[in-house]
K.L.:
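Below: one structure in structure tokens.
Values below: every heavy atom of this structure, side chains too, minus hydrogens, waters and symmetry copies. Below, chain A is the first sequence line, B the second, and so on; all start at residue 1.
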Amino acid sequence: MSKGHYGIHGGQYIPETLMNAIIELEEAYNYYQNDPGFQEELAELLHNYAGRPSLLYYAAKMTRDLNGAKIYLKREDLNHTGSHKINNVLGQVLLAKRMGKTRVIAETGAGQHGVATATAAALMGMECEIFMGKEDTDRQKLNVYRMELLGARVHTVTSGTQTLKDAVNETMRQWAARVADTHYVLGSVMGPHPFPMIVRDFQRVIGREVKEQMLEKEGRLPDVLLACVGGGSNAMGLFYDFIEEPGVRLIGCEAAGCGINTAETAATIATGTEGIFHGMKSYFCQDQYGQIAPVYSISAGLDYPGIGPEHANLYDTGRAEYVPVTDDESVEAFEYLSWTEGIIPAIESAHAVAYARKLAPMMAKDQIMVINLSGRGDKDVAAIARYRGEQIDE
Amino acid sequence: MNRLPQVFSNGKAFIPFITAGDPSLEITEQLVINMAEAGADLIELGIPFSDPIAEGPVIQEADNRALIAGTTTDKIFAMVGRIRQTCQVPIAFMTYINPIFTYGTERFMENCQTVGVDVLIVPDMPYEEKQELLPDCLKYGVTLISMIAPTSQQRIRMIASEAQGFIYCVSSMGVTGMRQELSNNVEHMIKSVKEVKDIPCAIGFGISTPEQAKQMARFADGVIVGSAIVNIIGQYGEDCVPHVMEYVRGMNKATKQQYEKQQ
């Protein structure tokens with residue numbers, strides 16, 4: 001009967017037209033998950049194509065400057081295509097190919113997931129179409145061009161708020177229209193089961209590596225893990241192998257936009273309520289009648305009114321904490337990491353860096369914090385310049 | 001008393017859909033009363049949703065217009081209450097699961113019973129998740145409709161065996177909206193249903209012309225038309241009532257003609 005639950009969250013709330021497709025996906029995933037040939041091919045791609053394992057870098061200057069916990073950065077920004085998104089995409093596109101699909105479609109917010117999907121599609125010879133809200137195609141023009149360069153068709157979504165949630169709506173509609181030869185490469189730990197499980201499993205490599213690298217470098221586990229959360233894939237990938245380690249604090253940083261007391265926010269845990277949308281029961285920013293709120297964040301990748309169901313459950317059980325971080329704080333953190341460590345983070349990841357700046361000084365010097373640097377910030381440079389009142393051409 | 005049994009007692013059923021509050025609840029009220037007069041056997045009222053993932057552009061825009069006009073679930077309940085003072089046409093609500101869940105499922109169903117909503121259609125609630133709504137539907141006498149799609153195949157048996165009222169057969173892949181060509185697959189889908197259970201089957205998605213209605217009524221028990229009507233409403237706005245009436249009369253006649261021939 002009902003499947004894919006995390007506490008009271010999760011499920012499969014999608015139109016009947018798509019039910020056989022997600023049942024088929026779950027069956028294929030369960031099979032290939034235990035298929036040595038599939039796993040070998042994926043491991044090979046992650047290593048030689050994506051560049052894994054990603055580095056765990058000790059940020060000495062930042063540590064000295066904040067004068068508290070020892071800070072490590074998990075460098076997902078160094079992956080091929082510049083973010084953690086490639087981990088999930090290589091897995092899903094390889095799976096789609098094994099399932100005999102010839103076409104992949106995907107939503108994208110910041111464009112990182114779209115670029116990763118277009119990349120994997122090019123590599124594996126699949127047809128690729130990407131759906132992106134008009135507001136995002138405007139603020140992430142460079143990524144639109146990158147996707148087209150990689151051979152994908154990019155569709156501008158003009159319905160609703162013209163951002164990530166509307167891109168998801170449109171991709172679901174397009175999937176329902178042509179499901180036989182098409183796989184929907186969902187980009188986060190959200191949507192109907194089995195997507196939250198599949199995406200988490202493919203992103204789990206982040207936390208698994210952190211665990212090994214930490215034991216190697218420090219001989220012990222970290223005290224705090226920090227990651228930004230929109231749908232929550234990079235955070236889930238980092239957290240998952242530490243859920244059973246009660247000494248490790250798990251903290252997700254949500255996009256508060258202009259602040260959680262304003263309407264211009266995307267902080268789902270801080271301001272949302274229980275709902276059922278995009279195939280899952282979870283927390284959503286919505287009004288009393290269940291109309292999904294037009295959320296806002298400077299970060300296109302976190303500009304989403306919901307959160308993955310496993311995060312919702314980690315919040316319910318108290319295992320993970322979720323904190324809001326504003327645009328202002330993130331932009332400052334974006335600049336801070338650039339001149340402190342010489343690393344320009346994605347504006348999404350800068351949300352986690354911003355919270356680290358608050359938390360690290362309150363921690364003891366023998367404590368350790370790991371920040372997931374989920375993506376690189378090249379794509380955001382023009383937007384941050386505009387935020388600072390400077391017009392530059394991309 | 002649930003009015004659903006009368007829907008299919010009058011030959012082939014014609015089932016129009018409109019979005020409540022598009023362009024205003026006053027017009028929706030007039031449309032319901034007038035469509036009943038024009039021969040509609042069941043009227044589907046869409047409770048507008050911000051993110052209707054099963055709808056094509058025409059109904060997406062109607063939802064948008066209705067929400068901008070300030071339509072809420074409470075105002076729609078009040079409107080159905082007013083309609084019921086003079087009109088006993090069977091009424092269905094069509095909406096997504098979030099507006100129901102967030103309103104409070106039990107409170108929603110209780111209000112349906114109080115004002116006289118007979119049927120509920122929820123496109124993003126598949127068979128696997130129906131326990132989310134079914135207990136409260138049963139408690140308050142609201143018939144929860146099951147849907148089958150061209151991709152349902154082996155699932156039809158399972159879905160049909162537990163279905164109530166009628167089965168909503170989705171004619172085509174994708175979202176709602178007018179289509180030139182309808183698939184031949186539907187006839188086969190209906191046959192599969194009837195093998196399992198003697199339950200009426202109504203076809204929706206893509207039907208807009210009297211010829212299509214006639215063609216579908218050859219093997220279906222009912223014909224559901226949404227986007228074509230919503231399109232007329234979008235075109236004429238506040239002045240849409242006579243135009244919708246005329247269209248519904250024609251479609252109703254086309255749907256029922258087939259039945260009379262068969263008799």
K.L.:
Less than 4.5 Å to any heavy atom of chain A: does that hold for the side chain of B:D74, its backbone, both, or neither?
P.N.:
both
K.L.:
Would you confirm whether A:R173, through its side chain, and B:E55, through its main-chain N or O, come within 3.5 Å as a donor-acceptor pair?
P.N.:
yes
K.L.:
Looking at A:N20 and B:S152, would you say the former's side chain and the latter's main chain have a donor-acceptor pair under 3.5 Å?
P.N.:
yes
K.L.:
Got a donor-acceptor contact below 3.5 angstrom from the B:E129 side chain to the A:Q12 backbone?
P.N.:
yes
K.L.:
Tell me, for B:P48 versus chain A, whether the close heavy atoms (under 4.5 Å) come from the side chain, the backbone, both or neither.
P.N.:
backbone
K.L.:
Find out whether B:F49 and A:I292 are in side-chain contact, i.e. whether some heavy atom of one side chain is under 4.5 Å from a heavy atom of the other.
P.N.:
yes
K.L.:
Given a strict heavy-atom distance threshold of 4.5 Å, which part of B:L67 is in contact with chain A: side chain, backbone, both, or neither?
P.N.:
side chain
K.L.:
Find the one option among B:V122, B:N98, B:I97, B:T151 whose heavy-atom pairs under 4.5 Å with chain A are most numerous.
P.N.:
B:N98
K.L.:
Looking at A:K165, A:Q291, A:H278, which hits side chain to side chain donor-acceptor pair (under 3.5 Å) with B:D51?
P.N.:
A:K165
K.L.:
Can you tell if the side chain of A:E16 reaches within under 4.5 Å of the side chain of B:I159, non-hydrogen atoms only?
P.N.:
yes
K.L.:
Is the backbone N or O of A:Y289 less than 3.5 Å from a side-chain atom of B:T73, with the two atoms forming a donor-acceptor pair by type?
P.N.:
no
K.L.:
Between B:Q131 and A:S2, is any side-chain donor less than 3.5 angstrom from a side-chain acceptor?
P.N.:
no
K.L.:
Is A:D287 close to chain B through its backbone or its side chain, or both, or neither, when contacts mean heavy atoms under 4.5 Å?
P.N.:
backbone
K.L.:
Give, as side chain, backbone, both or neither, the part of A:E274 having an atom under 4.5 angstrom from any heavy atom of chain B.
P.N.:
both
K.L.:
Measuring only between side-chain heavy atoms, which start at C-beta, is A:M19 closer than 4.5 Å to B:Y127?
P.N.:
no
K.L.:
When you compare the side chain of B:E128 with that of A:I23, does any pair of heavy atoms fall below 4.5 Å?
P.N.:
yes
K.L.:
Which answer fits B:I47, side chain, backbone, both or neither, if we ask what part of it has an atom under 4.5 Å from a heavy atom of chain A?
P.N.:
neither
K.L.:
Among B:S50, B:S172, B:A149, B:P150, which has the most heavy-atom pairs under 4.5 Å with chain A?
P.N.:
B:S50
K.L.:
Check each atom of B:P123 against the heavy atoms of chain A and say whether the ones under 4.5 Å are side chain, backbone, both or neither.
P.N.:
backbone
K.L.:
Does any N or O in the side chain of A:T17 come within less than 3.5 Å of the main-chain N or O of B:M173, such that one atom is a donor and the other an acceptor?
P.N.:
no
